[in-house]
Amino acid sequence: MIVDTIGPSTAKIFLVGEAPGKDEDISGKPFCGYAGRTLNWLLGQAGINRNECLIGNVARERPLSNKISFWFQDKECTVPKPKMSEWIKKLQTEIDFYKPNVVVALGATALWTLTGEKYISKHRGYVMESTLCPGTKVLPTYHPQNVNYEWRNFFSTVMDLRKAKYHSEFPEIPEDRRHLYPNVSLKEFLMYCQELISDNTFEKVALDIETLQPGCHINIIGLSHLKDYAMNIALIKNKSACFSENEEHELWYWIDQVLRAKKVIMHNASFDANVLLFHHHILPNLYMDTLIAAHALWPELPRDLGYLASLCLDIPVWKTKSGQDLYLYNAGDCAATFGIAEFFEKEMVKQKVDATYRFEMSQLPVASMLQLNGVNVDKGIQKQLKSEATVVIEKTGDDLSKLLKIQIYDKVTGKSVMRSTKKLQKILYIDLGLPVQYKRRKSASDPRKITTDKEAIARLAILVPNNPIFNLILEHRKNLSLRKFIDIETSLESKVYTSYNITGKKDNKDEKKVDEEGRKSFGRWSSSKSIILPFGSGNLQNIPPIARKMYRAPGGFEWVAGDLVQAEAVVVAYLTGDQTLIKLYEDRLNAPFSEKGKYDVHNYTASMMYKVKLDDVTPEQRKVGKTLRHALAYDAGPAVVAARLGVSLSEGKHLKEIFHQANPRLLLWYKEIQDKLGNDRTLITPIGRKHRFLDRWSDDLWRSAYAFLPQSTVGDILNEALVELYNLCGDILDIKLQLHDAIYVWSPLEHREETISYMRSCMQRKVEINNRVMEIEADFKAGPSWGEMEDVKEA
DNA sequence: GATTTTACGTA
DNA sequence: CGTACGTAAAATCT
């Protein structure tokens, strides 16, 4: 059935979708099915009255199997079939006739039809001029059906529709008021700096640098003092310096003056400010990091400038030709950063996230210090560990070669077959005919995937007893993996470095993937390769214990670590209001060191589960208690419990049941979280950090939410401690690592007690949860290397 | 050569 | 159907 455009001829907004679906095909009306209901809801959120809009689709008939490509001649959907061409002309006529103030392109097909552009995620939120109807204003956003599939796009779509409502009041396409001065002369840039300094009406500047690899040498530096003004200058072109030493000296002098005199705004100061400090010894008067502000406001959303500008500003897309004119691109970034900062100042107060923002900003100095200081590697031990791993790899490889009668190593590349999933699948499941193992699925509706991961190999080892190959495979692969952590490049000072990311690293710079990847970012730091000092394995938060041995303290010093004991479990106890458990933790905290062993939460759990006295709990029962305490804080399934304990599925189910009987508050807490999510999809931690859960309403979302509160709370407590420790004794204590719930430092051998005392006073923080004051105990280890630390016994 | 998938390490 | 994170190499696509 033909589905034509409907709505009042006086409409200021014209909503254009893709093609009719099943319900539309039956009724002959656009957006009357599932997608239509979503559209109504989105419009409601944006304050738009559907009855006042023209609504239609590009295609007027339902395509075969609902695939829009049916109406195109090519897979890329850029060459329409004759029928489609007619419809496009019809749409053009309608727009020219009704003259709406704004046409909202819902989805990629409408975007392409109206503007000739592809990639909806790159263009959404940006006002464009229609190429189909020149002079007509187009605002692209996601198709409602996409919002049904990708719930995280709901927020962006509502923001876009709000912008559309604003733009529906007038027909004019806003002109680009930005004055961008890319690649100016030295004289012009110096004048700009000097004017900025002498004019006190401008108190803020935004800064953005571009750098060359390797080494992150600045080749472009840009400044902006207004949201529609930016200037930049080139320092390096074609690998050679643009200025003489004296000229460059003068340039940096004035940049330094500006960055001291003004409140400086950057997007990702962890990078820009660190490069300025590392290469030019400039310490800007940092006022706002828009990356951190975005994280405080919307931790669940992308944080790249292009995305943020689409939400906060009304400017044209400037990232489309990023490869072509780096100078224009940089100037656009500077101006956008300035504009976004203005928006964020107000929005953060409005959303009451300024405390979270200030807290994250306070973490920048210590994160910066940790990145630039690095961690020393003992080359001798590195070599020894590498050869030990190699011996195991070769031995297990040879044994496997003999047993399987195949060549384990590729003679040309030297690579092991055991790392190739495809080849190993063939060996195990086809050549040997072993039972095929599948990956544990996230949801029962997901497709089953064949796997040869270590869980699968371990299962095979049980299914096929007395076959040595499984252990050999596991041992072989484990050491291949371990060697990757050991065999790393260090700097000339034998150091490795990491970049600690306060907001997490995933920033989805890739426009095509912008709406795919999960963005959680619960407030814990992540650790990734430093591009300023690219030495080491990058992430220092996932080094295996054996590889930690090569990180040794220098003569006269030792590693000291403070660890928040069972931190997440303690937070869960306070959150669930489990009074017995809380008392146990409090008693343990207050007990003298020698008596702490009496207050063992896993013994207690086991005694409650098995209804036996504390003293009668067997080690086996304690293990069960420990496993369940951990797994069920995040609502693990019976299969996982069973697998972890090596028992049957029914036994796993039974254990879950008796655990919940013994800990009834946990299930109530789950329910409480679900109810809170039901209100506004938002949770707030005891520290005051907010997170919205935008994923599809499911067990998955709930489990993620259960994890959020304890994980984020512990992360924040530790970072509060880290900031305080750095501010208090950063000059006398050498802080080396942050591992989510632990802080590692180098301490002079003779000052161990003082070090621990400082660390304890910073780490054991009082936090109010449910009208009780929680304090998580810290315990301490010390030793010559990161991998050889022993508990510090205290009197 | 670029992108996606698989596996694996930590808290 | 624990969560979160980042990296490397293989597999796959263009």
Side-chain angles (χ1 to χ4, degrees), chain A residues 75-76 299 410 413 415-425 438-446 448-457 474 477-488 498-501 503-506 510 512-513 516-530 536-548 563-564 566-569 572 627-641 643-644 656 670 691 693 698-712 714-715 718 737-742 786:
Chain A
K75 214 174 80 182
E76 289 74 38
D410 184 315
T413 61
K415 283 175 182 165
S416 171
V417 170
M418 292 298 144
R419 293 213 61 156
S420 159
T421 48
K422 270 272 133 54
K423 288 171 191 157
L424 192 54
Q425 276 175 27
Y438 296 92
K439 210 168 177 58
R440 201 153 29 79
R441 290 174 293 180
K442 274 211 131 184
S443 140
S445 56
D446 288 348
R448 295 212 295 180
K449 277 184 186 162
I450 299 174
T451 180
T452 55
D453 65 13
K454 64 178 179 187
E455 253 182 84
I457 307 290
L474 289 174
R477 289 205 306 208
K478 192 177 152 191
N479 280 276
L480 281 169
S481 166
L482 175 62
R483 196 167 60 177
K484 279 278 159 289
F485 286 100
I486 295 167
D487 192 14
I488 50 172
T498 190
S499 165
Y500 283 109
N501 311 301
T503 64
K505 182 166 177 284
K506 272 188 191 144
D510 187 335
K512 277 181 252 172
K513 290 202 309 185
E516 285 174 15
E517 280 292 323
R519 289 173 288 268
K520 297 285 162 53
S521 195
F522 285 1
R524 298 208 296 192
W525 284 9
S526 78
S527 159
S528 62
K529 185 162 223 121
S530 162
S537 49
N539 184 352
L540 277 185
Q541 287 175 326
N542 72 340
I543 308 292
I546 293 172
R548 293 178 179 189
D563 186 292
L564 295 174
Q566 291 175 17
E568 291 189 18
V572 170
T627 304
L628 271 87
R629 169 75 53 202
H630 191 230
L632 296 192
Y634 312 112
D635 199 21
V640 173
V641 173
R644 192 123 343 142
K656 262 190 86 163
Y670 290 166
H691 196 98
F693 292 81
S698 71
D699 289 10
D700 250 11
L701 181 144
W702 291 334
R703 268 200 300 274
S704 181
Y706 305 151
F708 166 63
L709 290 169
Q711 239 180 52
S712 171
V714 171
L718 189 92
L737 296 167
Q738 190 267 30
L739 259 79
H740 303 304
D741 64 358
W786 180 14

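So that the names make sense, note that chain A is the first sequence line, chain B the second, and so on, each numbered from 1. When reading the values below, keep in mind they use all heavy atoms of this one structure, side chains included, and skip hydrogens, waters and symmetry mates.
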Donor-acceptor under 3.5 Å (A/Y500 side chain, A/S526 main chain): no
Atom NZ of A/K422 to atom C1' of B/dA7: distance rounded to whole Å? 14 Å
On the nucleotide B/dA7, are OP1 or OP2 found under 4.0 Å from the side-chain N or O atoms that A/T452 carries? yes
Using a cut-off of 4.0 Å on non-hydrogen atoms, how would the nucleic acid contact of A/L540 be classed: base, sugar-phosphate, or nothing? nothing
Distance check needed: B/dA7 P versus A/F485 CZ, whole Å only. 16 Å
At less than 4.0 Å, is any side-chain N or O atom of A/K415 found next to OP1 or OP2 of C/dA10? Yes or no. yes
Measure from OH on A/Y706 to C1' on C/dC1 and round the result to the nearest Å. 13 Å
Choose from C/dA11, C/dC5, B/dT10 the nucleotide whose nearest atom is closest to any side-chain atom of A/P545. B/dT10
Remember a base hit wins even if backbone is also touched, and classify A/R524 as base, sugar-phosphate or nothing at under 4.0 Å, heavy atoms. base
In terms of side-chain heavy atoms of A/T421, which of C/dG6, C/dA11, C/dA9 is nearest? C/dA11
Carefully, step by step, assess A/T498 and A/S530 under the rule side-chain hydrogen bond (donor to acceptor under 3.5 Å, both in side chains). CA-CA 5 Å; A/T498 190; A/S530 162; over 6 Å; no
Within less than 4.0 Å of OP1 or OP2 of B/dT6, is there a side-chain N or O belonging to A/T451? no
Name the pairing partner of B/dT6, where a pair is Watson-Crick or G-U wobble with both distances under 3.5 Å, or state none. C/dA8
Are A/K439 and B/dT6 close enough that a side-chain N or O sits under 4.0 Å from OP1 or OP2? no
May I have the distance from A/R548 (atom CZ) to B/dT10 (atom P), rounded to whole angstrom? 7 Å
With respect to the phosphate group of B/dC8, does any side-chain polar atom (N or O) of A/S481 fall under 4.0 Å of OP1 or OP2? no
A/K529 side chain: which of C/dT7, C/dT12, C/dA10 is closest? C/dT7
Provide, to the nearest angstrom, the distance between the CZ atom belonging to A/R440 and the P atom belonging to B/dT6. 15 Å
Closest of C/dA4, C/dT12, C/dC1 to the A/Q711 side chain is C/dA4
Closest to the 5' end of DNA chain C, once A/D699 and A/N542 are matched to their nearest nucleotides, is A/D699
Where each residue is assigned the nucleotide of DNA chain C containing its nearest heavy atom, which of A/H630 and A/S530 is assigned the position nearer the 5′ end? A/H630
Let me know the distance between NZ of A/K454 and C1' of B/dC8, rounded to the nearest Å. 6 Å
Does A/L424 form a side chain to side chain contact (heavy atoms under 4.5 Å, CB included) with A/R477? I'd like the steps, not just the answer. CA-CA 12 Å; A/L424 192 54; A/R477 289 205 306 208; 3.3 Å; yes
Before accepting this row, confirm whether a basic side-chain N of the pair A/K484/A/D487 lies closer than 4.0 Å to the acidic partner's carboxylate O. no
Using only modelled atom types and a 3.5 angstrom limit, is any donor from either the side chain of A/R477 or the base of B/dC8 paired with an acceptor on the other? no
Report the relative orientation of the aromatic rings in A/F708 and A/F522; use parallel for angles under 30°, tilted for 30 to 60°, perpendicular for over 60°. perpendicular
Give the rounded distance in Å between these two atoms: CG of A/L737 and C1' of C/dG6. 16 Å
For atom CG of A/D453 and atom P of B/dG9, their distance in whole Å: 11 Å
From the list B/dT10, B/dA7, C/dG6, which nucleotide is the closest neighbour of the side chain of A/N539? C/dG6
The side chain of A/L739 is closest to which nucleotide in this list: C/dC1, C/dA4, B/dA11? B/dA11
Could you work out which one of C/dA8, C/dC1, B/dG9 sits closest to the side chain of A/K484? C/dA8
Test A/T503 against A/N501 for side-chain hydrogen bond (donor to acceptor under 3.5 Å, both in side chains), laying out the working first. CA-CA 5 Å; A/T503 64; A/N501 311 301; over 6 Å; no
For the base of C/dA8, is there a side-chain donor-acceptor partner from A/R419 under 3.5 Å away? no
Considering just the side-chain nitrogens and oxygens of A/S537, establish if one lies under 4.0 Å of OP1 or OP2 belonging to C/dA8. no
Hey, does the side chain of A/K656 reach the backbone of A/A636 with a donor-acceptor pair shorter than 3.5 angstrom? yes
Among the nucleotides C/dT3, B/dA11, C/dA11, whichever has the atom closest to the side chain of A/H740 is B/dA11
